[in-house]
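As a basis for the values below, the full set of heavy atoms in this structure was taken, side chains included, without hydrogen atoms, waters or symmetry mates.
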Amino acid sequence: MQPQLLAVGELAAGQTLTVPVYRFIGSDPAAPSVYIQANVHGAEVQGNAVILQLLRYLRQYPPKGNVTLVPLANPLGINQKSGEFTLGRFDPITGENWNRQYLDNQLSLSHWLSQHQGYSDCELVAAYRQALIANLQTRLQSPWGVTTGQRLAYTLQLLATEADIVLDLHTGPKSCRHLYCPEYQRHAAMQFSIPFTLFIPNLFGGAMDEAIFCPWWRLSDYLASCGRQFEIPVVAFTLELGEQELIDMAQAQQDAQGILAFLSVRGVIAEPMLPLEMPRYGTHLKNYRKFHAPQAGLVQYLVAPGSLVKQGDPLVRLLRLDLPESEQEQLLTAPEAGAAILHFASAAVQQGTELYKIMTQLTEIS
């Protein structure tokens, strides 16, 4: 199968920037459609290996629902190199995070619904989706233009808006696997083979998952305020699949199996699959805390990502060789119990550097 090449921008010398797009047409028009992308941040390459595994599976077992796969989703970010490191987290022109430039696709719901009175839920879904797509197309064609990052983001968002299920594959610096899940889909945390879940509210922060589910969540809430129950028909998740600057094919196969288990539960593929058995923990996004370096120095990270910590447990050994002998080494401890999800990659840190992200107020998901 040859990918379609989707144009997402142009370089200063005129070369077109493209991303590969693989499409599988499902056998059942009633089955959910799926969009999966990877590598919006340049160093976060593991999702491409996962998409390769999904490609191999879907070639052998055609899906019931339409599936669109987009690896290498940010050719600019992937090629932002400094020596041996990939720097592609931020747009070098504006400094903005590549994953914070999607459109907050808002419509005037009172006006829009007044034009669609009497529509069934099915008709409403189709019309609303087309309105969201038209709004994105209008923004892309603005006579004022859009930024480089917005052109990339809006073009990807157009593809994702066509789907019922959207998965955005990312990684952290030094990280364990964890899931960003909208609160209205809490039960989905059991359908992935991922041990830690952050439940996120109906607030737009610029990321792909929020860009997809927030418009539908707002529509559902607005209709509820009018006395009409409307089940949110679209779901979107961010999957954090380990460490950046790393390809692990064995782990990619396991990650792909976890995604396929979710797609099996949702009726996208015909083959029955189950997620792995494992302890699962979750918390609300507001309880995801950042632990910052109280002073500069050289650090040893003492807690591996994915480990549970108690309040007072040592997190970091900090070295300061410019200070008197009695102050050259100290332990920094966890201010609160939780799970260490990721830590900074470098051992040389400035005062205020984010050393760890910790999920606090954990509850076991069952």
Side chain to side chain contact (heavy atoms under 4.5 Å, CB included) evaluation trace for Ile25 with Val67 = CA-CA 7 Å; Ile25 304 303; Val67 177; over 6 Å; no

Could you walk me through whether Phe90 and Trp98 pass the ring-ring contact (aromatic ring centres under 6.0 Å, His included) test, one step at a time?
-> CA-CA 5 Å; Phe90 302 98; Trp98 288 113; 9.4 Å; no

Derivation and outcome, side chain to side chain contact (heavy atoms under 4.5 Å, CB included), residues Val146 and Tyr154 = CA-CA 9 Å; Val146 293; Tyr154 295 178; 4.1 Å; yes

What's the verdict on side-chain hydrogen bond (donor to acceptor under 3.5 Å, both in side chains) for Glu271 and Tyr57, showing C-alpha distance, side-chain angles and the deciding distance?
-> CA-CA 11 Å; Glu271 297 71 35; Tyr57 179 88; 2.7 Å; yes

What do the steps show when you test Val316 against Gln300 for side chain to side chain contact (heavy atoms under 4.5 Å, CB included), and what is the final call?
-> CA-CA 6 Å; Val316 170; Gln300 177 188 3; over 6 Å; no

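A side-chain N or O of Asp209 and one of Thr238 form a donor-acceptor pair less than 3.5 Å apart. In this model, no donor atom of one side chain and acceptor atom of the other lie less than 3.5 Å apart for Gln101 and Asn97. With hydrogens and angles left out, the side-chain atoms of Gln53 and Gln257 include no donor and acceptor closer than 3.5 Å. Using modelled atom types, one finds no donor on one side chain facing an acceptor on the other under 3.5 Å when comparing Trp216 with Glu231. At a cut-off of 3.5 Å, with distance as the only test, a side-chain donor of Glu44 or His170 sits close to an acceptor on the other residue. Between the side chains of His292 and Gln351, no donor-acceptor pair of N or O atoms lies under 3.5 Å. Gln46 and Gln244 form no side-chain donor-acceptor contact under 3.5 Å, judged by distance and modelled atom types alone.
Under the 4.5 Å side-chain heavy-atom criterion for Ile, Leu, Val, Met, Phe, Trp and Tyr, Tyr35 and Trp217 are members of the same hydrophobic cluster. One hydrophobic cluster holds both Tyr301 and Leu318 under the rule that ILVMFWY side chains link at heavy-atom gaps under 4.5 Å. Hydrophobic clustering places Leu54 together with Val235 (ILVMFWY residues linked when any side-chain heavy atoms are closer than 4.5 Å, directly or through intermediates). In the hydrophobic clustering of this structure, Ile365 does not group with Leu285; members are Ile, Leu, Val, Met, Phe, Trp, Tyr whose side-chain heavy atoms approach within less than 4.5 Å, directly or through other members. Under the 4.5 Å side-chain contact rule for hydrophobic residues, Ile36 and Leu260 share a cluster.
Listed here is the closest heavy atom pair of Thr86 and Gly77: CG2-O, 3.7 Å. Between Arg23 and Met1 the shortest heavy-atom distance is O-CE, 3.7 Å. When every heavy atom of Ser120 is checked against every heavy atom of Arg228, the shortest pair comes out as C-NH2, 3.6 Å. Residue Lys174 comes nearest to Pro305 through the heavy atom pair O-CG, 3.3 Å, listed as atom of the first residue, atom of the second, then distance. Smallest separation of non-hydrogen atoms from Asn66 and Gly26: OD1-N, 2.7 Å. Across all their heavy atoms, Asn48 and Leu72 have their closest contact at OD1-N, 2.8 Å.
Rounding to the nearest 0.5 angstrom, the gap separating the OG1 atom in Thr16 from the CG atom in Leu5 is 10.5 Å. The line from CE of Met249 to CG of Asp255 is 11.0 Å long, rounded to the nearest 0.5 Å. How far OG of Ser346 is from CG of Leu298: 8.5 Å, rounded to the nearest 0.5 Å. Rounding to the nearest 0.5 angstrom, the gap separating the CD atom in Glu162 from the CD1 atom in Ile133 is 5.0 Å. Rounding to the nearest 0.5 Å places CE of Met359 at 6.5 Å from OG1 of Thr197. Here the OG1 atom belonging to Thr171 is positioned 9.5 Å from the CD1 atom belonging to Ile247, to the nearest 0.5 angstrom.
In Arg100, the CZ atom is crowded: over 12 heavy atoms of neighbouring residues, nucleotides or ligands sit closer than 6.0 Å. Under a cut-off of 6.0 angstrom, the local environment of CD in Glu325 is sparse, with at most 12 non-hydrogen atoms contributed by other residues, nucleotides or ligands. Under a cut-off of 6.0 angstrom, the local environment of NE2 in His187 is crowded, with over 12 non-hydrogen atoms contributed by other residues, nucleotides or ligands. Within a 6.0 Å sphere centred on CZ of Arg139, heavy atoms belonging to other residues, nucleotides or ligands number 12 at most. Heavy atoms of other residues, nucleotides or ligands lying less than 6.0 angstrom from CD of Glu277 number 12 at most. Other residues, nucleotides and ligands contribute more than 12 heavy atoms inside 6.0 Å of the NZ atom of Lys81.
With Asp168 contributing its side chain and Met208 its backbone, the two residues share no donor-acceptor pair below 3.5 Å. Judged purely by atom type and a 3.5 angstrom limit, Gln157 uses its side chain to pair as donor or acceptor with the backbone of Leu103. When atom types are taken as modelled, the side chain of Arg320 and the backbone of Gly297 share no donor-acceptor pair closer than 3.5 angstrom. For Glu210 (side chain) and Gly206 (main-chain N/O), a donor-acceptor pair under 3.5 Å exists by modelled atom type. Under a 3.5 Å cut-off, the side chain of His116 and the backbone N or O of Ser114 do not form any donor-acceptor pair. The backbone N or O of Met273 sits less than 3.5 Å from a side-chain atom of Ser264, completing a donor-acceptor pair. Although no hydrogens or angles enter the test, the distance criterion places no donor-acceptor pair under 3.5 Å between the side chain of Thr360 and the main chain of Gly338. For the pair Thr353 (side chain) and Leu355 (backbone), a donor-acceptor distance under 3.5 Å is absent. The backbone N or O of Val303 sits less than 3.5 Å from a side-chain atom of Tyr356, completing a donor-acceptor pair. Without hydrogens or angle criteria, Asn79 side chain to Leu76 main chain gives no donor-acceptor distance under 3.5 Å.
A salt bridge links Arg317 to Glu329: at least one charged side-chain nitrogen sits closer than 4.0 Å to a carboxylate oxygen. Under the 4.0 Å criterion applied to side-chain N and carboxylate O atoms, Asp164 and Arg266 are not assigned as salt-bridge partners.
Annotation: cation-pi pair Arg186/Phe199 present, NZ/CZ under 6.0 Å from the ring centroid and within 45° of its normal.
Proximity of Thr68 to Val34: side-chain heavy atoms (C-beta onward) are nowhere separated by under 4.5 Å. Using a 4.5 Å cut-off on side-chain heavy atoms (C-beta onward), Leu159 and Val21 make contact. Residues Pro294 and Leu332 form a side-chain contact, since some pair of their non-hydrogen atoms from C-beta on lies under 4.5 Å apart. Using a 4.5 Å heavy-atom threshold, the side chains of Leu315 and Thr333 count as separate. A 4.5 Å side-chain heavy-atom check between Val265 and Leu274 finds every atom pair outside the cut-off. For the pair Glu364/Arg280, no side-chain contact is recorded, criterion being any heavy-atom separation below 4.5 Å from C-beta on. A heavy-atom distance below 4.5 Å is not found between the side chains of His343 and Phe291. Using a 4.5 Å cut-off on side-chain heavy atoms (C-beta onward), Asn105 and Leu136 make contact.
Under the rule for a side chain to side chain contact (heavy atoms under 4.5 Å, CB included), the partners of Leu107 that lie at least two apart in sequence or sit in another chain are Trp112, Tyr128, Ala131, Leu132, Asn135.
Between Phe192 and Phe237, the angle of the ring planes goes over 60°, which puts this pair in the perpendicular group of the 30/60° scheme.
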